[in-house]
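Below is one structure, written out as structure tokens; the observations come after it.
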Amino acid sequence: MDAELKWCNNKMKVETFAELLGADYYAGVPDSQLKALCNYLMHTYGIDPKHHMIGANEGNCTALAAGYHLATGKVPVVYMQNSGEGNIINPVASLLNDKVYGIPVIFVVGWRGEPGVHDEPQHIYQGEVTVRLLEDMDIRTCIVGKETTKERLTSVMEEFGLLLAEGKSVAFVIQKDALTYEEKVVYQNEHQMVREEIIRHIVRAAGEDPIVSTTGKASRELFEIREANHQSHKYDFLTVGSMGHSSSIALGIAAQKAGQKIWCVDGDGALLMHMGALAVTGAACPSNLIHVVINNGAHETVGGMPTAAGSADLIGIAKACGYPYAASADSFEKLDQELQSAKERKMLSFIEVKCSIGAREDLGRPTTTAMENKENFMEYLKEK
């Protein structure tokens with residue numbers, strides 16, 4: 001009993017959790033709730049196609065895991081924030097399910113917006129339906145919290161093993177601070193420009209043009225820049241959830257407001273998550289849309305784990321997708337030139353900005369509600 005209490009008080013070490021899972025292949029999209037697991041995987045494997053891959057989105061990860069199982073016959077792990085459950089529904093229902101191919105996967109899901117735990121508005125409803133969605137997909141679920149013991153998980157894994165042998169999938173839903181990892185993992189790159197300062201330059205160039213900003217710290221920084229400038233927030237739509245869709249939102253606006261410049265402040269992880277949107281935007285080719293991608297090659301908002309954008313030719317991809325103009329900036333002088341030219345140019349423009357990893361420790365969060373943001377932004381668009 002004393003040993004069990006000590007285990008509970010110290011939280012579960014992620015090394016023990018991984019040992020109990022018994023897998024040697026992981027694919028996932030990083031999550032701050034799973035930072036201990038993400039850091040453990042990066043420290044243990046790095047990015048290694050045979051053992052650990054960070055995917056573009058959670059559906060991509062599920063397919064990677066399916067390929068691993070087909071090649072080895074072993075059970076893979078897919079990790080993600082609960083916001084990614086929507087991205088796995090298709091491959092879970094039409095690929096993994098035991099009525100189709102019966103491919104077993106262990107899902108590890110960070111539980112943002114857990115009922116009774118304070119969280120941001122974009123996580124509230126997702127948190128309410130997290131377990132229900134998994135159960136609706138016929139995925140047996142176990143909740144892991146700070147007081148979950150090794151003995152409890154050992155017992156659960158024995159039960160789950162029977163289900164996995166039948167070609168079914170299972171899930172561990174991880175509560176806040178349930179896992180711990182003592183090793184320090186530092187994420188950095190060679191770029192010098194800081195994202196908040198980059199956004200400050202974009203705000204200056206955009207003037208009173210509407211801006212759609214992507215999920216994570218970019219929207220938080222945009223909000224604080226407006227506060228520091230004593231400017232209205234009506235100019236900005238903060239895409240606080242729905243990662244990967246800010247450029248599509250901006251395209252939808254630009255198509256209806258052809259006489260008004262529309263800016264999209266995007267991130268590399270978000271761009272990768274639904275990269276097909278680039279082809280759709282390129283095909284539509286709105287002359288009033290400026291798509292700025294701040295590329296630090298990292299999922300920095302949730303801890304700094306790498307994305308594939310660090311080695312991808314985003315300029316080449318944008319041009320191949322039909323963007324008539326695409327350029328990259330790695331200095332503020334070049335950035336200002338590109339921003340000003342894009343504002344004057346009557347042409348769909350893509351600007352990649354090379355960015356460092358990191359943000360200030362005291363970065364706040366929007367003090368207005370999501371509904372207030374939407375209503376103020378829509379009222380402003382009516383004027384344009």
Side-chain angles (χ1 to χ4, degrees), residues 56-57 191 193 195 198-215 218-219 222 235-239 242-297 307-355 377 380-381 384:
N57 62 56
H191 306 304
M193 289 193 289
R195 185 183 51 249
I198 291 168
I199 297 173
R200 189 171 286 111
H201 282 243
I202 296 170
V203 166
R204 186 161 57 243
E208 295 189 341
D209 295 339
I211 296 176
V212 177
S213 60
T214 190
T215 310
S219 281
L222 176 57
Y235 307 112
D236 311 320
F237 182 80
L238 311 178
T239 314
S242 196
M243 182 175 170
H245 293 300
S246 59
S247 66
S248 296
I249 295 169
L251 173 59
I253 295 168
Q256 303 304 318
K257 298 289 181 179
Q260 170 63 54
K261 282 287 186 183
I262 305 296
W263 298 68
C264 175
V265 178
D266 213 347
D268 57 293
L271 180 78
L272 291 173
M273 184 162 280
H274 296 293
M275 192 181 279
L278 276 177
V280 173
T281 301
C285 207
S287 61
N288 58 328
L289 179 59
I290 302 170
H291 190 177
V292 183
V293 177
I294 301 175
N295 184 6
N296 60 9
T307 73
S311 58
D313 178 9
L314 298 188
I315 302 306
I317 293 168
K319 288 181 177 179
C321 285
Y323 281 70
Y325 183 86
S328 184
D330 58 4
S331 70
F332 284 113
E333 180 181 8
K334 176 66 171 174
L335 174 62
D336 289 338
Q337 291 173 357
E338 291 294 344
L339 294 175
Q340 187 58 39
S341 296
K343 188 176 177 69
E344 297 170 358
R345 187 185 302 119
K346 294 182 179 180
M347 183 186 296
L348 171 63
S349 300
F350 181 96
I351 304 170
E352 176 194 30
V353 189
K354 299 289 190 177
C355 177
F377 184 73
Y380 183 63
L381 286 181
K384 311 310 288 181

task: Look up atom OH in Y323 and atom CD1 in I315, then write down how far apart they are to the nearest 0.5 Å.
output: 11.0 Å

message: If we ignore hydrogens and angles and just use 3.5 Å, is the side chain of N295 paired with the main-chain N or O of D268 as donor and acceptor?
response: no

task: Indicate yes or no: at least one non-hydrogen side-chain atom of D330 is less than 4.5 angstrom from one of H191.
output: no

field: E344: side chain to side chain donor-acceptor pair (under 3.5 Å) partners, not counting sequence neighbours
entry: Q340

field: 4.5 Å side-chain heavy-atom contact, V292 and L339
entry: yes

statement: Closest non-hydrogen contact found for M273 with M243 is SD-O, 3.5 Å

query: Roughly how far, to the nearest 0.5 Å, is OG of S213 from CD1 of I249?
result: 9.5 Å

query: Tell me, do F377 and I253 make a side-chain contact under 4.5 Å, heavy atoms counted?
result: yes

- prompt: How many angstroms lie between SG in C321 and CE in M275, if you round to the nearest 0.5 Å?
  reply: 8.0 Å

message: So does C355 get a backbone contact from the side chain of N296, meaning a donor-acceptor N/O pair under 3.5 Å?
response: no

- request: Report yes if some heavy atom in the side chain of R200 is under 4.5 Å from a heavy atom in the side chain of F332; otherwise report no.
  value: no

field: Parallel, tilted or perpendicular, as decided by the 30° and 60° cut-offs, for the rings of H291 and F350
entry: perpendicular

- prompt: Any donor and acceptor pair, going by atom type alone, linking the side chain of K261 with main-chain N or O of A342 inside 3.5 Å?
  reply: yes

message: Tell me whether the rings of H245 and H274 are parallel (<30°), tilted (30 to 60°) or perpendicular (>60°).
response: parallel

query: Step by step, would you call V203 with Y235 a side-chain contact (heavy atoms from CB on, under 4.5 Å)?
result: CA-CA 10 Å; V203 166; Y235 307 112; over 6 Å; no

query: Rounded to the nearest 0.5 Å, what separation is found between the CG atom of L271 and the CD1 atom of I317?
result: 7.5 Å

message: Ignoring hydrogens, what is the shortest heavy-atom contact between M193 and V353? Give both atom names and the distance.
response: CE-CG1, 3.5 Å

Pairwise side-chain hydrogen bond (donor to acceptor under 3.5 Å, both in side chains) hits with a residue in residues 275-284, at least two apart: none

field: Considering all heavy atoms, the nearest T214-A270 contact
entry: OG1-CB, 3.4 Å

- prompt: What distance separates L222 CG from L238 CG, expressed to the nearest 0.5 Å?
  reply: 6.0 Å

query: K257: what forms a salt bridge (charged side-chain N to carboxylate O under 4.0 Å, His left out) with it, not counting sequence neighbours?
result: none

query: Closest heavy-atom contact between S219 and T239?
result: OG-N, 3.8 Å

- request: Kindly indicate whether the side chain of D209, heavy atoms from C-beta on, has any atom under 4.5 Å from the side chain of K343.
  value: yes

- request: Heavy atoms only: give me the nearest L314-E352 pair and the separation to one decimal.
  value: CD1-OE2, 3.7 Å

Atom of D336, atom of H201 and distance for their closest heavy-atom approach: OD1-ND1, 2.7 Å

- prompt: Side chains of W263 and I290: closer than 4.5 Å at any heavy-atom pair?
  reply: yes

message: Can you confirm whether P286 sits close enough to L251 that some side-chain heavy atom of one is under 4.5 Å from a side-chain heavy atom of the other?
response: yes

- line: Distance col, row M347:CE vs C285:SG, nearest 0.5 angstrom, shows 8.0 Å

